[in-house]
Amino acid sequence: MPELPEVETIKRQLTREILGKKIKEVIIIKKKLVKEISPQIFKSKVVGKFIKEILRRGKVLIIKLEERLFLIFHLRISGSLILSNCKEDFAGVVFRLADDRLLNFCDARVFGEIRLIDDWQELPFIKAMGPEPLDLNKKQFIKLFEGKKAKVKPLLMEQKFLAGVGNIYAQESLFCAGVHPERRADKIKRGELEKIHHCLVSILKEAIKRKGTSVDTYRQINGNKGKYTPFLKVYQRENRPCLNCKTPIKRELIGGRGTYFCPHCQR
DNA sequence: AATGGGACCTGCGCGC
DNA sequence: TGCGCGCAGGTCCCAT
C-alpha cells in the first residue's frame, strides 16, 4: 500500500521528470476517481497549465499548477502514478504532457481520488492531519502518546495522530522496537517510545532510500517495484520464524486490520 | 473518548 | 482444471 515512503518516492521521481512541463491533454477513463467537480470542468482547468511544484503531506501527493491551482492525489490501496502504461485495464486518468509523455493514474480497485482545489491546506482531511513523523524529534514524538488510551498499532496508523504511517510501517516499527501492537499507548514506557521513534524514523528513511515497498500494486513512476520488500521482517510472514528468535510470526486482527508480530520479541 | 462495524471496490488466493 | 466465494486494504461515516 502506498504509505509515506512510497508517496515520497513518487514525489521525488516526478519532481525530476515532470517539473516545469505543461499538461497538454487530460483523459478521464474512470470518472469516479475525480472528486467533487465534473470531468469537463476538471479538464478545462487543468489543460494548458504548467507544473510548478510537487509536494507531499502524509500519504497525499500534491501537484501545484499555475494560478494557485493544486491537483491532489490519494492513492488509497491500489492506486499508482506512473510514466509508463498501466497494467491491464487499470488506467484511471491520463495526463498527456507537452512532450507527449503520459502520466497515468492507475487504480484497480478505484478507491483512489483526485481533486482540483485552489487551497490544498484548507482541505478538511489535510487540515486534520497529525505531524509528519520525519519532522518530529524524540521529545515531540513521545508527547503525542500522553493520555492516549488506544492500542499503539492502530494509533500509529491514525492519520490525525501521525501523518503517513500505514499498516506495513506501523508493524515493522513495532517489531523493531519490541513493542506488542496491542499495548495501550499511554502505558508504554519512555524508553520504549524512544525506541519506537528511532525505529519508525530509520525504517521510513531506509524505505525511501530503497524506493518503497511493493507488496501489492505500488510501483515507482517507471513501473518498477519498490526495493524495500525483501527487508520486511514481520509483514506477511505469518508462521515463518522470527528473524530474532525463530518463534513463528503471528497474525491477528487488531483494530480490524491484519497485524503481524512476534509474540516472543514484542511485549 | 474510543472502539467496532459497514461501505466503498475488485483482483486474487483458496478450497472444492 | 475450473469455478465461485470471501478476504484485504485506507479512510470515512455511523453506532455503541
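Reckoned from all heavy atoms, side chains included, excluding hydrogens, waters and symmetry mates.
- Each end of the helix from dA2(B)-dT16(C) to dC16(B)-dG2(C) gets its own axis from five base pairs, and the two axes differ in direction by 50°, given to 10 degrees.
- Heavy-atom distances to DNA chain B give each of Lys87(A) and Gly147(A) a nearest nucleotide, and the one nearer the 5′ end belongs to Gly147(A).
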Practice item. Between protein and nucleotides 8-15 of chain C, map the contacts as a letter string: B base, S sugar-phosphate only, - none, heavy atoms under 4.0 Å, written 5' to 3'. Key: SBBBS---
What pairs of donor and acceptor atoms, side-chain ones from residues 230-240 of chain A against any protein atom, are under 3.5 angstrom apart with sequence neighbours left out?
{"unit_1": "Arg237(A)", "atom_1": "NH1", "unit_2": "Lys233(A)", "atom_2": "O", "d": "3.0"}
{"unit_1": "Arg237(A)", "atom_1": "NH1", "unit_2": "Pro241(A)", "atom_2": "O", "d": "3.3"}
{"unit_1": "Arg237(A)", "atom_1": "NH2", "unit_2": "Pro241(A)", "atom_2": "O", "d": "3.1"}

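- Judged by the 6.0 Å distance and 45° axis criteria, Arg251(A) is positioned over the aromatic ring of Tyr260(A).
- From the 5' end on, the contacts that DNA chain B makes with chain A at under 4.0 Å to a non-hydrogen atom open and close at dA2(B) to dC12(B).
- Pairs passing the salt bridge (Lys or Arg N to Asp or Glu O under 4.0 Å) check and including a residue from residues 100-113 of chain A, sequence neighbours excluded, read Glu17(A)-Arg101(A), Lys24(A)-Asp100(A), Arg76(A)-Glu113(A), Arg96(A)-Asp100(A), Asp99(A)-Arg101(A), Arg109(A)-Asp216(A), Glu113(A)-Arg115(A).
- Across all strands, Tyr218(A) comes closer than 4.0 Å to no nucleic acid atom at all (heavy-atom distances).
- Looking at residues two or more places apart in sequence or on another chain, you find a ring pair (Phe, Tyr, Trp, His ring centres under 6.0 Å) between Phe141(A) and Phe145(A), His197(A).
- For residues 2-41 of chain A, no residue pair satisfies the ring pair (Phe, Tyr, Trp, His ring centres under 6.0 Å) rule, not counting sequence neighbours.
- Among residues two or more places apart in sequence or in another chain, the side-chain contact (heavy atoms from CB on, under 4.5 Å) test is passed with Lys160(A) by Ala128(A), Glu158(A).
- With sequence neighbours excluded, the residues forming a side-chain contact (heavy atoms from CB on, under 4.5 Å) with Arg183(A) are Val152(A), Val179(A), His180(A), Ile188(A), Glu192(A), listed by chain and number.
- Remark: Cys106(A) engages Cys86(A) in a disulfide (SG to SG under 2.5 Å) (not counting sequence neighbours).
- Identified under the disulfide bond (SG atoms under 2.5 Å apart) test for residues 124-177 of chain A, with sequence neighbours left out: Cys176(A)-Cys199(A).
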Would you mind writing out the side-chain donor-acceptor pairs for residues 1-15 of chain A within the sub-3.5 Å range, not counting sequence neighbours?
{"unit_1": "Glu3(A)", "atom_1": "OE1", "unit_2": "Gly166(A)", "atom_2": "N", "d": "2.7"}
{"unit_1": "Glu3(A)", "atom_1": "OE1", "unit_2": "Tyr169(A)", "atom_2": "N", "d": "3.3"}
{"unit_1": "Glu3(A)", "atom_1": "OE2", "unit_2": "Asn167(A)", "atom_2": "N", "d": "3.3"}
{"unit_1": "Glu3(A)", "atom_1": "OE2", "unit_2": "Ile168(A)", "atom_2": "N", "d": "2.8"}
{"unit_1": "Glu6(A)", "atom_1": "OE1", "unit_2": "Glu3(A)", "atom_2": "N", "d": "2.8"}
{"unit_1": "Glu6(A)", "atom_1": "OE2", "unit_2": "Tyr169(A)", "atom_2": "OH", "d": "2.5"}
{"unit_1": "Glu6(A)", "atom_1": "OE2", "unit_2": "Thr213(A)", "atom_2": "N", "d": "2.8"}
{"unit_1": "Glu8(A)", "atom_1": "OE1", "unit_2": "Arg56(A)", "atom_2": "NE", "d": "2.7"}
{"unit_1": "Glu8(A)", "atom_1": "OE2", "unit_2": "Arg12(A)", "atom_2": "NE", "d": "2.8"}
{"unit_1": "Glu8(A)", "atom_1": "OE2", "unit_2": "Arg12(A)", "atom_2": "NH2", "d": "3.4"}
{"unit_1": "Thr9(A)", "atom_1": "OG1", "unit_2": "Pro5(A)", "atom_2": "O", "d": "2.6"}
{"unit_1": "Gln13(A)", "atom_1": "OE1", "unit_2": "Ile221(A)", "atom_2": "N", "d": "3.0"}
{"unit_1": "Gln13(A)", "atom_1": "NE2", "unit_2": "Gln220(A)", "atom_2": "OE1", "d": "2.9"}
{"unit_1": "Thr15(A)", "atom_1": "OG1", "unit_2": "Lys11(A)", "atom_2": "O", "d": "2.7"}

